[in-house]
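This structure is a prediction, so every number in the text was calculated from the model and none was measured.
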Amino acid sequence: MSATTSTTGAPPSGTPVHRVSFWRVLRAEWIKFRTLRSTVWTAVVTAVVMVGFALMMAAIMRASTGNPEMQEGMSQDPGLQAMGMTGTTVITLGYSFGQLAIAVLAALVVTNEYSTGMVRSTFAAVPQRLPALWAKLVVIVVATVVIISLALGVAYLVTMPLLDDAGMAVDLGDAEQVRALLGCVLYLATVAAFSLAVGTLMRHTAGAIFTLVALFFVLPIIFSIVVAATDAAWTDQVNKLLPSVAGERIIATGPTPETLLEPWTGYGVLAAYTVALLVGAAVAIRRRDA
Amino acid sequence: MIEARDLSKRYGDKLAVDDVTFSVRPGVVTGFLGPNGAGKSTTMRMIMGLDRPTSGSVTVNGRPYAQHRAPLAEVGALLEAKAVHPGRTARQHLQALAATHGIPTTRVDEVIDLTGLTAVARKRVGGFSLGMGQRLGIAVALLGDPRTLILDEPVNGLDPEGVLWVRNLARYLAEEGRTVFLSSHLMSEVALTADHVIVIGKGRILADTPVRELLDGASRRRVRVRTPQGAELAAALRREGAEVEVSDDGALDVAGLDAARVGELAAGAAVVLHELTPVSSTLEDAYMALTADAVEYHAEDVPAVPATTPGGADR
């Protein structure tokens with residue numbers, strides 16, 4: 001590089017430098033979040049896929065209304081019945097994909113700093129460290145709330161004519177349906193916080209993503225098979241306390257099956273895990289070498 | 001001002017830094033010299049509060065680094081490994097760090113210009129050369145206009161122009177009354193840049209002295225003598241307490257006496273001299289002598305190549 005360089009490092013006296021405050025750290029974390037292409041793309045893809053899922057399901061519902069055979073088939077499908085298929089179920093259908101994208105996004109917010117060495121720059125600027133962790137938490141939770149609210153809003157609008165035809169229009173005057181819609185936002189925001197904590201504790205991208213995919217995707221599938229295959233009561237107990245199985249009750253509508261928790265109880269279980277992990281992350285980030 | 005007291009760091013079985021005590025004063029450039037693996041970077045990370053000391057303490061400008069309310073205004077650091085996300089541009093990286101201290105964008109652009117990064121400021125750091133990465137690290141260090149600068153191997157990967165620039169920058173900052181602490185594994189680099197040097201080997205402080213004294217003290221002067229009466233002269237010199245070795249070409253290699261004294265003794269013993277040459281050892285020799293026992297990774301001995309430029313190649 002043959003750039004011309006000044007021979008002196010004379011900083012003009014009076015460069016304004018202020019003390020570190022939470023708001024300043026929050027601004028720094030927001031800059032970091034929005035300046036990575038990967039985060040921006042993940043956010044956009046998550047929203048688009050969630051709308052896509054809703055649209056697809058709404059189209060299927062509409063097609064089935066004019067088709068008695070299909071309707072009969074669906075009414076006999078135990079899976080669909082368990083879901084208590086309503087308009088909100090259609091709109092929020094993409095959350096199971098969305099939770100994986102959000103989990104990876106949130107874990108990466110921390111693990112990419114460890115893998116690149118950026119964390120040393122971060123901790124040199126914010127040596128107390130905890131403000132940086134909480135600022136990351138605020139950024140990823142707020143970003144998730146915005147992304148998911150937008151996705152659900154768009155999904156609501158584009159599926160409206162289809163769902164009307166199918167007789168499944170979402171009723172925003174119905175407390176349960178509103179709870180399910182807001183619950184979807186709340187659930188994914190909590191998944192983001194949960195994943196940020198896991199990323200902070202594990203520090204390695206691959207390890208954190210493996211753990212999160214196992215917790216939110218693989219274990220629920222395994223348990224749904226095990227629960228169906230055995231009569232052992234403990235499998236029901238463990239299954240309903242899995243982070244995703246418990247947490248996603250907040251998105252469900254209709255009567256609560258015996259084997260699962262009530263919506264708010266279930267969400268409370270996920271929230272408790274999240275708080276515990278965040279406390280662990282806070283302790284770890286303060287104690288460990290960077 | 002940096003003050004370390006009984007500072008130790010243990011990683012598992014390995015004692016990386018072993019009970020070191022030193023202070024780095026403002027107004028001068030202090031070199032931190034030692035072979036690779038000697039504990040330089042570990043010590044610097046402890047100063048920055050990145051690694052937690054196993055025992056002991058270290059303060060910067062009177063307080064542990066983490067207790068400063070605006071740490072970037074106290075200490076600017078260039079840390080050895082790239083501490084940057086490769087997906088961000090240089091400017092974005094600086095802006096994110098500046099935001100934590102409310103430092104305005106004008107200052108970000110200033111340090112970009114100052115470090116010669118203007119042309120690449122909006123390019124992603126992933127594509128930077130080692131030298132450009134070093135310049136970005138120095139830009140980060142200068143961002144908060146700090147009273148103390150910690151530069152870990154600042155000239156690594158820089159072109160000759162860059163090396164000269166870093167040297168002048170370090171001196172200039174020290175002249176302004178700032179504390180400048182700069183590590184290197186090259187004696188010549190420290191000799192050219194620093195006023196004071198702290199030598200570390202295997203985690204222990206081996207020397208803490210003005211650079212000039214280290215050079216004078218550690219370089220043992222030798223005298224090379226050629227004479228047809230080698231055995232006679234060697235005996236006379238040994239009686240005076242000199243160490244005498246006969247080299248392959250028959251010349252005597254004398255340590256412990258200066259050239260004048262060797263000449264007098266030769267005259268006294270009526271020995272004819274064909275050559276009498278004072279040989280001063282190089283900076284590298286001095287450094288090697290000091291750290292010989294403290295080198296972490298020894299290479300197999302290779303036949304010495306005669307040095308053509310005393311003091312290293314990049315003088």
Side-chain angles (χ1 to χ4, degrees), chain A residues 1-41 108-109 112-132 135 286-290, chain B residues 45 48-52 65-73 75 77 79 81-89 92-93 95-104 107 110-111 113-120 129 131-132 135 138 140 142 144-145 159 161-162 164-165 168-170 172-173 176:
Chain A
M1 191 175 63
S2 61
T4 49
T5 47
S6 141
T7 48
T8 67
S13 48
T15 294
V17 181
H18 302 98
R19 65 188 197 84
V20 177
S21 68
F22 183 72
W23 287 109
R24 295 196 173 107
V25 177
L26 189 59
R27 228 189 118 234
E29 290 300 333
W30 168 241
I31 293 173
K32 286 199 238 171
F33 184 79
R34 71 175 165 77
T35 52
L36 286 183
R37 286 185 198 174
S38 55
T39 43
V40 175
W41 276 111
L108 275 174
V109 165
N112 75 26
E113 294 218 2
Y114 280 99
S115 63
T116 59
M118 177 68 201
V119 71
R120 285 193 295 276
S121 295
T122 301
F123 287 168
V126 188
Q128 294 290 332
R129 300 187 184 183
L130 286 185
R286 289 276 296 180
R287 294 172 61 110
R288 288 192 298 217
D289 290 342
Chain B
R45 281 202 304 272
M48 297 295 295
L50 294 174
D51 282 13
R52 200 177 249 263
Y65 181 77
Q67 286 176 20
H68 285 290
R69 300 187 132 199
L72 293 186
V75 184
L79 300 163
K82 264 192 197 172
V84 186
H85 193 294
R88 291 195 187 94
T89 70
Q92 289 168 340
H93 177 69
Q95 274 179 323
L97 295 175
T100 60
H101 285 61
I103 298 169
R107 176 62 182 164
E110 227 164 62
V111 295
D113 291 343
L114 197 65
T115 49
L117 288 172
T118 317
V120 293
S129 67
M132 272 147 51
R135 284 169 187 269
I138 292 170
V140 170
L142 295 173
D145 192 11
D159 51 22
E161 183 233 18
L164 192 63
W165 172 71
N168 290 337
L169 178 68
Y172 181 85
L173 292 167
E176 283 190 322

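- Within the 4.5 Å cutoff, no side-chain heavy atoms of L36(A) are placed close to those of L108(A).
- Counting heavy-atom pairs closer than 4.5 Å to chain A, the top-ranked of the candidates R52(B), M48(B), H101(B) is H101(B).
- Both the backbone and the side chain of V20(A) come within contact range of chain B, with heavy atoms under 4.5 Å apart.
- Proximity of a side-chain donor or acceptor of R135(B) to a complementary backbone N or O of T115(B) within less than 3.5 Å is detected.
- Nearest heavy-atom pair, Q92(B) versus I31(A), reported as atom, atom and distance to 0.1 Å: O-CG2, 4.1 Å.
- Listed options A290(A), A125(A), G117(A) were ranked by heavy-atom pairs under 4.5 angstrom with chain B; first place goes to A125(A).
- Looking at S115(A), neither its backbone nor its side chain comes within 4.5 Å of chain B, counting heavy atoms on both sides.
- Both the backbone and the side chain of L50(B) come within less than 4.5 Å of a heavy atom of chain A.
- Top candidate by heavy-atom pairs under 4.5 Å with chain B, chosen from S38(A), S21(A), A132(A), P127(A), is P127(A).
- Residues E113(A) and R129(A) are not paired through a salt bridge, judged by the lack of any N-O separation under 4.0 Å between the basic side chain and the carboxylate.
- For R286(A), the part sitting under 4.5 Å from any heavy atom of chain B is the backbone (N, CA, C, O) and nothing else.
- Using cut-offs of 30° and 60° on the angle between ring planes, the pair Y65(B) and H68(B) is perpendicular.
- Taking the side chain as every heavy atom from C-beta outward, K32(A) and V109(A) never approach each other to under 4.5 Å.
- Per-residue counts of heavy-atom pairs under 4.5 Å with chain B were compared for R27(A), R37(A), E29(A); the largest is that of R37(A).
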